[in-house]
Amino acid sequence: MTEAILLVGGKGTRLRPLTVNTPKPMVPAAGVPFLTHQLARAHAAGVDHIVLATSYLAEVFEPYFGDGSSLGLSIEYVTEDEPLGTGGAIRNVASRLHSGPDEPVLIFNGDILTGLDIRALVDTHRSSGADVSLHLTRVDDPRAFGLVPTDPTGRVTAFLEKPQTPEEIVTDQINAGAYVFRRSVIDEIPAGRPVSVERETFPGLLARGAHLQGMVDSTYWLDLGTPQAFVRGSADLVLGRAPSPAVPGRCGDRLVLPTAQVAPDAKLTGGTVVGHGAVVGAGARIVGSAILADAVVEPGAVITDSLVGAGARIGARTVLSGAVVGDGARVGPDNELREGVRVWCDALLPAASLRFSSDQ
């Protein structure tokens with residue numbers, strides 16, 4: 001196992017305002033861009049060559065990661081001129097792969113935080129002789145996902161997109177967003193047009209009798225597609241619930257990065273991370289939240305399960321719960337922002353102007 005494709009081209013629309021200035025994989029989680037965790041876990045599993053399939057804000061990836069040598073990797077970058085979907089993005093980078101026709105190529109979605117045993121997935125692929133192997137996980141409510149039923153040997157029997165009725169829910173196994181492809185299968189994906197692996201490639205392979213193997217791995221798994229999920233994922237990385245060799249410090253209740261300033265009587269718990277250059281004032285209480293670089297939390301503020309963007313400022317005694325404050329925003333003192341509230345980048349909320357909750 002030597003190479004992988006990471007799909008990092010999405011616009012991250014559901015994550016706005018976090019992704020207004022930053023592509024989703026580069027939003028910090030536990031103190032480093034989320035993509036760093038995926039790259040580090042791939043390297044730990046034996047991958048040494050990775051192609052990043054980029055699109056939205058593609059120009060930010062290479063200046064940060066360079067050739068990948070700092071992570072023990074060789075990284076190449078391929079940018080889509082127009083969005084090509086998951087399958088189209090995979091096909092678009094095929095020319096950069098080194099694998100032979102029958103060798104395995106790992107493929108990861110760039111917004112999934114997982115404890116997947118990557119080596120076990122590759123071993124399953126090899127031992128089963130599959131054309132494509134899929135990481136499957138089990139969820140309590142599968143209606144928002146694509147179901148992937150398998151036979152007793154783990155061979156995939158169908159792909160069922162987002163079932164709604166009880167009769168349609170024939171399994172709790174879902175596509176978890178990590179695959180191993182036989183290299184020759186990648187070369188068969190149509191080039192130069194949008195292709196969805198979930199809706200076109202996988203069902204098409206199944207229809208013609210190809211061998212698709214599922215491996216259920218129900219360790220930690222989280223789709224970071226919403227701000228609330230992203231905040232939870234960052235906290236879980238800090239707490240050590242989600243495994244990553246890239247967390248910049250020891251796992252525990254809090255992670256305070258170098259150059260951050262935290263008042264001695266401020267209380268940080270629940271996997272809170274405070275980024276480089278950020279300031280947390282006296283008496284502030286922060287639980288399970290991410291305070292990004294150069295943000296300021298003024299004295300007495302109470303922040304729970306929230307994200308404060310880079311360079312933002314939270315006024316004294318302001319309460320945030322399940323909220324997201326975009327980069328550079330200013331929330332004045334004595335405000336109260338609760339579940340689902342999003343403050344856009346560079347917005348200004350005057351003192352004591354908001355005291356409400358929202359389901360937006």
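Along the sequence shown, residues carry numbers from 1.
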Exercise for review: Can you tell me which residue pairs pass the salt bridge (Lys or Arg N to Asp or Glu O under 4.0 Å) test with a partner in residues 255-273, sequence neighbours excluded?
Suggested key: none

Exercise for review: State which residues pass side chain to side chain contact (heavy atoms under 4.5 Å, CB included) with V216; sequence neighbours excluded, sorted by chain then number.
Suggested key: L136, R138, Q173, S218

Check your understanding: According to the side chain to side chain donor-acceptor pair (under 3.5 Å) rule, which pairs have a member within residues 241-256, sequence neighbours left out?
Key -> H37-S244, D236-R241

**Study point:** ring-ring contact (aromatic ring centres under 6.0 Å, His included) partners of H98, counting only residues at least two apart
**Key:** H49

Study note, to complete from the structure: Sorted by chain and number, sequence neighbours left out, salt bridge (charged side-chain N to carboxylate O under 4.0 Å, His left out) with E200 holds for R193

Revision key, fill the gap. The side-chain hydrogen bond (donor to acceptor under 3.5 Å, both in side chains) partners of D131 (sequence neighbours excluded) come to R182

Exercise for review: Working to the nearest 0.5 Å, report the span between OG1 of T137 and CG of N175.
Suggested key: 10.5 Å

Review point. Are the side chains of V247 and L255 in touch, meaning some heavy atoms are under 4.5 Å apart?
Key: yes

**Study point:** More than 12 heavy atoms from other groups under 6.0 Å of CD on E59
**Key:** yes

Check your understanding: salt bridge (Lys or Arg N to Asp or Glu O under 4.0 Å): which pairs involve residues 207-221, sequence neighbours left out?
Key -> E188-R208

Review point. Can you tell me if T124 and S133 form a side-chain donor-acceptor pair at under 3.5 Å?
Key: no

Point to revise | salt bridge (charged side-chain N to carboxylate O under 4.0 Å, His left out) involving R183 - partner list, sequence neighbours excluded | key: D187

Donor-acceptor contacts under 3.5 Å from residues 104-116 side chains, at least two apart:
unit_1, atom_1, unit_2, atom_2, d
D111, OD2, K24, NZ, 3.1
T114, OG1, L116, N, 2.9
T114, OG1, Y220, O, 3.2

**Study point:** Those residues that, when tested against F159, pass ring-ring contact (aromatic ring centres under 6.0 Å, His included) (two or more places apart)
**Key:** F202

Practice item. Measure the spacing between CZ of R285 and OG1 of T272 and express it to the nearest 0.5 Å. Key: 12.0 Å

Check your understanding: Is the number of heavy atoms from other residues, nucleotides or ligands under 6.0 Å of D151 CG greater than 12?
Key -> yes

Practice item. List for me each residue that meets salt bridge (charged side-chain N to carboxylate O under 4.0 Å, His left out) alongside E298, sequence neighbours excluded, and say none if there are none. Key: R313

Exercise for review: If a pair satisfies salt bridge (Lys or Arg N to Asp or Glu O under 4.0 Å) and one of its residues is in residues 62-74, list it, with sequence neighbours excluded.
Suggested key: none

Check your understanding: Quick one: do the D305 and S321 side chains pair a donor with an acceptor below 3.5 Å?
Key -> no

